[in-house]
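Here the structure is laid out as structure tokens; the discussion comes afterwards.
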There are 2 protein chains.
Amino acid sequence: MAKDIDPDSMHCNCPVTTTLEILGGRWKPIILYCLQDGPVRFNALKRMIPGITQRMLTLSLRELESDGLILRHVREVVPPHVDYAMSPLGESLKPVLHAMSEWGAYYRTQTAPPQATSDAA
Amino acid sequence: MAKDIDPDSMHCNCPVTTTLEILGGRWKPIILYCLQDGPVRFNALKRMIPGITQRMLTLSLRELESDGLILRHVREVVPPHVDYAMSPLGESLKPVLHAMSEWGAYYRTQTAPPQATSDAA
DNA sequence: CCGCATCCTTACTGATACTG
DNA sequence: CAGTATCAGTAAGGATGCGG
């Protein structure tokens, strides 16, 4: 998803793809979701997202920061204290995240028949 | 993505991730975008999305169909005539696509260098 | 506590050629 | 026209260990 698209071979200017490029990947949306209620520390984030590895958390955080969606705040103390928070641009993404969340939930109700209707394919 | 997530290892029930799984990948959103105005034939789709290969178009279409977002209509004639259209579930995704599109466009205005027209629009 | 470096595996994507 | 099959390259994601 971090794939760089050459302007020369930019077949489609679809802004949806732009959005996908930014919050694509397995962990970005979850991280953003966790940050919605305020700043969170690195290890707290790791604890909130059980399956994530430190590597992926670090990489995702860096990309999110690089894309201007989150802010990284380092406090020079021992032990180190670093927390992450949404930037204004990140805040602007909230409605989108909300819409995607709503649809994802709706989708599940439409495709997850408890046990009846074997059209599970 | 075609990635299958085991319920047992489902670390996060974030519905946003569900949505991302469904329209993740390089071509899905573009295809959905092309289908928004009505049914389109296979080759027409291929023509509307210059960079896509037949393979990726076929695979993406199959996944979209499998996920219930689009409908495949085969007319048994020579030459073969197959067209794809949004299903009601696909239609329900339109607002989400629109929100993502809006944000993507907004994001570009926020990150586009003022001094140059580097946005390959 | 926070993060980086290395290596490895898998998944996604693409080019090309062939078929009903 | 609308696919399918095979092959291969790249990049995303993960495991583990070290450093500030």
Side-chain angles (χ1 to χ4, degrees), chain A residues 1-6 9-12 17 20-31 34-35 39-67 70-85, chain B residues 1-6 9-12 17 20-31 34-35 39-67 70-85:
Chain A
M1 302 300 180
K3 187 184 306 179
D4 192 45
I5 298 181
D6 301 323
S9 61
M10 193 70 135
H11 338 96
C12 178
T17 299
L20 263 310
E21 290 285 333
I22 290 164
L23 46 77
R26 186 138 169 60
W27 307 109
K28 300 256 194 79
I30 302 177
I31 293 172
C34 293
L35 257 35
V40 183
R41 295 183 58 171
F42 185 87
N43 271 1
L45 234 23
K46 189 154 71 73
R47 188 171 180 279
M48 291 166 84
I49 312 170
I52 201 170
T53 58
Q54 278 155 335
R55 171 187 159 78
M56 290 317 296
L57 182 54
T58 300
L59 288 179
S60 301
L61 251 12
R62 291 252 176 276
E63 289 187 14
L64 252 14
E65 186 192 7
S66 173
D67 287 334
I70 64 174
L71 300 171
R72 182 167 179 264
H73 180 217
V74 183
R75 210 180 313 172
E76 294 290 353
V77 296
V78 283
H81 181 119
V82 180
D83 58 46
Y84 297 86
Chain B
M1 311 280 193
K3 188 184 304 179
D4 192 48
I5 298 182
D6 301 322
S9 61
M10 194 69 137
H11 340 94
C12 177
T17 298
L20 263 311
E21 290 284 331
I22 290 165
L23 46 77
R26 186 139 168 56
W27 306 109
K28 300 257 193 81
I30 302 177
I31 293 171
C34 293
L35 258 34
V40 183
R41 294 182 60 170
F42 185 88
N43 272 2
L45 234 23
K46 189 153 72 74
R47 188 170 180 280
M48 292 165 82
I49 313 170
I52 202 171
T53 58
Q54 279 157 333
R55 172 186 159 78
M56 290 316 296
L57 182 53
T58 300
L59 288 178
S60 301
L61 250 12
R62 291 248 177 277
E63 289 187 14
L64 253 13
E65 185 192 7
S66 172
D67 287 334
I70 63 175
L71 299 171
R72 182 169 179 263
H73 180 216
V74 182
R75 210 181 311 172
E76 294 289 352
V77 295
V78 283
H81 183 121
V82 179
D83 58 44
Y84 296 86

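Just so we're on the same page: letters track the sequence lines, and every chain starts at 1.
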Set out, line by line, the N/O atom pairs under 3.5 Å between protein and nucleotides 2-7 of chain C.
unit_1, atom_1, unit_2, atom_2, d
C:dC2, OP1, A:R41, NE, 3.1
C:dC2, OP1, A:R41, NH2, 3.2
C:dC2, OP2, A:N43, N, 2.9
C:dC2, OP2, A:N43, OD1, 3.1
C:dC2, OP2, A:N43, ND2, 3.0
C:dG3, OP1, A:R72, NE, 3.0
C:dG3, OP1, A:R72, NH2, 2.5
C:dG3, OP1, A:Y84, OH, 2.9
C:dG3, OP2, A:Y84, OH, 2.9
C:dG3, O3', A:R62, NH2, 3.2
C:dC4, OP1, A:R62, NE, 2.9
C:dC4, OP1, A:R62, NH2, 2.6
C:dT6, O4, A:R55, NH1, 3.3

Considering residues at least two apart in sequence or located in another chain, which fulfil the side-chain contact (heavy atoms from CB on, under 4.5 Å) criterion with B:V74? B:R72, B:E76, B:V82
Do B:K28 side-chain atoms and B:I22 backbone N/O form a donor-acceptor pair below 3.5 Å? yes
Only counting residues at least two apart or in another chain, list the ones meeting side-chain contact (heavy atoms from CB on, under 4.5 Å) with A:L71. A:S87
Could you tell me the separation between the CG atom of B:L45 and the C1' atom of D:dC1, rounded to a whole number of Å? 14 Å
Given C:dC1, is OP1 or OP2 found less than 4.0 Å from the side-chain N or O atoms of A:R75? no
Whole angstroms only, please: what is the CZ-P distance between B:R47 and D:dA2? 13 Å
Which pairs pass side-chain hydrogen bond (donor to acceptor under 3.5 Å, both in side chains) with one or both residues in residues 41-58 of chain B, sequence neighbours excluded? B:R41-B:H81
Residue list, side-chain contact (heavy atoms from CB on, under 4.5 Å) with A:P39, at least two apart or on another chain: A:D83, A:A85
Return the minimal non-hydrogen interatomic distance between A:S60 and A:W27, and the atom names on each side. OG-CB, 4.0 Å
Could you check how far CD of B:E76 sits from P of D:dC1, rounded to whole Å? 17 Å
What is the distance, rounded to the nearest whole Å, between atom CD1 of B:I31 and atom C1' of C:dT13? 13 Å
Please report how far the helix from C:dC1-D:dG20 to C:dG20-D:dC1 bends, comparing the axis fitted to its first five pairs with the axis fitted to its last five, to the nearest 10 degrees. 50°
B:R62: which residues meet the salt bridge (charged side-chain N to carboxylate O under 4.0 Å, His left out) condition with it, sequence neighbours left out? B:E65
Which whole-number value in Å describes the distance from A:L57 CG to D:dG13 P? 13 Å
Nearest heavy atoms of B:V40 and B:C34, plus distance in Å: CG2-O, 3.7 Å
Ignoring backbone atoms, test whether B:W27 places a side-chain nitrogen or oxygen under 4.0 Å from the OP1 or OP2 oxygen of C:dG14. yes
If you compare all heavy atoms of B:Y84 against all heavy atoms of B:L45, which two are closest, and at what distance to 0.1 Å? CD1-CD2, 4.4 Å
Once you round it to whole Å, what is the distance between P of D:dA15 and CD1 of A:I52? 12 Å
B:R26 CZ - C:dA15 P separation (whole Å): 11 Å
Taking the nucleotide of DNA chain D with the nearest heavy atom to each, does A:M56 or B:P79 sit closer to the 5' end? B:P79
Value in whole Å for how far the P atom of D:dA11 lies from CG of A:L20: 18 Å
